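Here the structure is laid out as structure tokens; the discussion comes afterwards.
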There are 2 protein chains.
Amino acid sequence: MAVHEVLAAVLQVRSGSLQVLLWQRALDPDKGRWSLPGGRLGPAEDVETSIRRQLAEKVDVRQLTHVEQLAVFSAPGRVPGERVVATAFLGLVPCDVDPVLPEDTAWHPVAALPESAFDHDAIVQKARDRLRAKLSYTNLGFALAGREFTVSTLRELYSAALGYRVSATNLQRVLSRRGLLEPTGSTAPPGPSGGRPAALFRFVARGLQVTDPFAVFRPPSPDRPARSARWP
Amino acid sequence: MAVHEVLAAVLQVRSGSLQVLLWQRALDPDKGRWSLPGGRLGPAEDVETSIRRQLAEKVDVRQLTHVEQLAVFSAPGRVPGERVVATAFLGLVPCDVDPVLPEDTAWHPVAALPESAFDHDAIVQKARDRLRAKLSYTNLGFALAGREFTVSTLRELYSAALGYRVSATNLQRVLSRRGLLEPTGSTAPPGPSGGRPAALFRFVARGLQVTDPFAVFRPPSPDRPARSARWP
DNA sequence: CCGGGTTTTCGCCTAACAAGCGAAAACGGG
DNA sequence: CCCGTTTTCGCTTGTTAGGCGAAAACCCGG
């Protein structure tokens, strides 16, 4: 018999850095420290429904472009007092929205977290690592970007999330070849210092999908060109 | 307030197919159906400690070469009666052991599961998918293989786990290039019908490690040859 | 309206890796 | 000692990531 809570590390790229949504605890334990949004699992909801419901108190749910389970945190003494088992989530918000936040809530760069409550910093690290990994072999970028964007802004998003500078040329090429990116046809107005107007792109699909080229030892499949189809 | 249980899909390649450890329920609910090993989370243990403890009743724990969290299953009605939230695990057993099993326990091919209890079949599917994915971009094969093996037997393991025939040549090449495989120097005795004796190999590391070549958009790093290190 | 500065986009090239194929190597058995 | 069998290795090909620089397309000031 244990209390079950759900917690989410909601990430967004803001002003060039990857940030996480935290709220400051008004009561003990860990009063004054920053913790992840979430709360107790209700009796008639599964964990994903629950975290979406609880996040609605912090941000508009419709602005959450992606939610996925991260892991269970269950060390016996992870919170003082009663035993609490937590299911942690990764949530993503696109860069073109700026949700109104409650008083006690604010964004913090994941690279410089404030004093955080309990084991919540470990959860944030895990969320960041998951995001970084999935940017490489999925179309998860759609959850960070707006509906339409230029390659330059997409480059800034990837650079901020990954923690290192990414080549815009290569980014466009790789995502295009994988069939994840498509041009809208129109262009964005050039910046104040001029320059060629950038073409607008969008992600072909806005749901998570994995690119399988990372799957090796593949069998020759009928849909792929089938480099040659004979097996011992 | 909900009961928390831990469940594990323990997989092993046996007689050429991927199989999962199940036990047959002697009591209602779902009497007679097959379910995953596991049980209630104890008050002083985290979920991984708990699943390892509970699996010890089924198989010798030292034979478990890999254990990882899969996901939380928490649909309100997933088991009748009291609310039960489950943390599901993937467990792997190398092919060269054959644990003694309790009466009610047996291996079943994941491709042809018997009538299984509750949502346990969904957990098994998820475990299978996770294994298949990780075989491609990690050294997880070490958990399926024995300490030493020939390329042919490794090929059979990968073929069984992935569900399609794998080229032995390519398997050895890819794993070697990634620095995961090394020859022991000795050879295995040839089969009854003769043939060149096969060289024995082992995995360099027996803990899980990810091969990053699947990470794209990488920065030029000092350790890698650094094709050329200049950035705009 | 023409040229300089700026930003984006595209083409060409290279490197790395997966993958297929066939020849050679290394055994046992008649 | 030749033959069938199994393994291993080298050669080659196709695909993808990645780097570099030129051309394209805009603004603005003279």
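Everything quoted here is computed from the prediction, not taken from an experiment. Numbered from 1 within each chain, the chains take letters A, B, ... in sequence-line order.
OP1 or OP2 of D:dT7 sits under 4.0 Å from a side-chain N or O of B:S152. Taking only side-chain nitrogens and oxygens, A:R173 never comes nearer than 4.0 Å to OP1 or OP2 of D:dA17. The shortest distance between the side-chain N/O atoms of B:R177 and the OP1/OP2 oxygens of C:dA18 is below 4.0 Å.
B:L181 places its CG atom 16 Å from the C1' atom of D:dC9, with the value rounded to the nearest Å. Atom-to-atom, CG of B:L180 to P of C:dC17 comes out at 13 Å; the value is rounded to the nearest Å. One atom, CZ of B:R165, and another, C1' of C:dG20, lie 16 Å apart when rounded to the nearest Å. Atom CG of A:L154 is separated from atom P of C:dT8 by 13 Å (rounded to the nearest Å). The distance between atom CG of A:N170 and atom P of C:dA15, rounded to the nearest whole Å, is 16 Å. To the nearest angstrom, C1' of D:dT6 lies 14 Å from CD of B:Q172. Atom pair A:F149:CZ and C:dT9:P shows a separation of 12 Å (rounding to whole Å applied). One can place CG of A:L171 at 13 Å from P of D:dG19, the figure rounded to the nearest angstrom.
A search for side chain to side chain contact (heavy atoms under 4.5 Å, CB included) contacts involving B:S116 returns B:D121, not counting sequence neighbours. Every residue two or more places apart in sequence or in another chain that forms a side chain to side chain contact (heavy atoms under 4.5 Å, CB included) with A:R206 is listed here: A:T65, A:F142, A:R147. By the salt bridge (Lys or Arg N to Asp or Glu O under 4.0 Å) test, A:R132 is found to be paired with no residue, residues two or more places apart in sequence or in another chain being considered. A:E103 pairs by the side-chain hydrogen bond (donor to acceptor under 3.5 Å, both in side chains) definition with nothing, not counting sequence neighbours.
Between the A:S17 side chain and the A:P109 main chain, no donor and acceptor come within less than 3.5 Å of each other.
Within 4.0 Å (heavy atoms only), A:A168 reaches no atom of the nucleic acid at all. Across all strands, A:T169 comes closer than 4.0 Å to base atoms (heavy-atom distances).
The list of ring pair (Phe, Tyr, Trp, His ring centres under 6.0 Å) pairs with a residue in residues 166-207 of chain B, not counting sequence neighbours, reads B:F149-B:F203.
No side-chain heavy atom of B:L180 sits less than 4.5 Å from a side-chain heavy atom of B:V204.
Side-chain proximity of B:A198 to the nucleotides C:dA18, C:dT9, D:dT7 is greatest for D:dT7.
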Measure all distances between protein nitrogen or oxygen atoms and nitrogen or oxygen atoms of nucleotides 26-30 of chain C, and list the pairs falling under 3.5 Å.
{"from": "C:dA26", "atom 1": "N3", "to": "B:R196", "atom 2": "N", "distance (Å)": "3.4"}
{"from": "C:dC27", "atom 1": "O2", "to": "B:G195", "atom 2": "N", "distance (Å)": "3.1"}

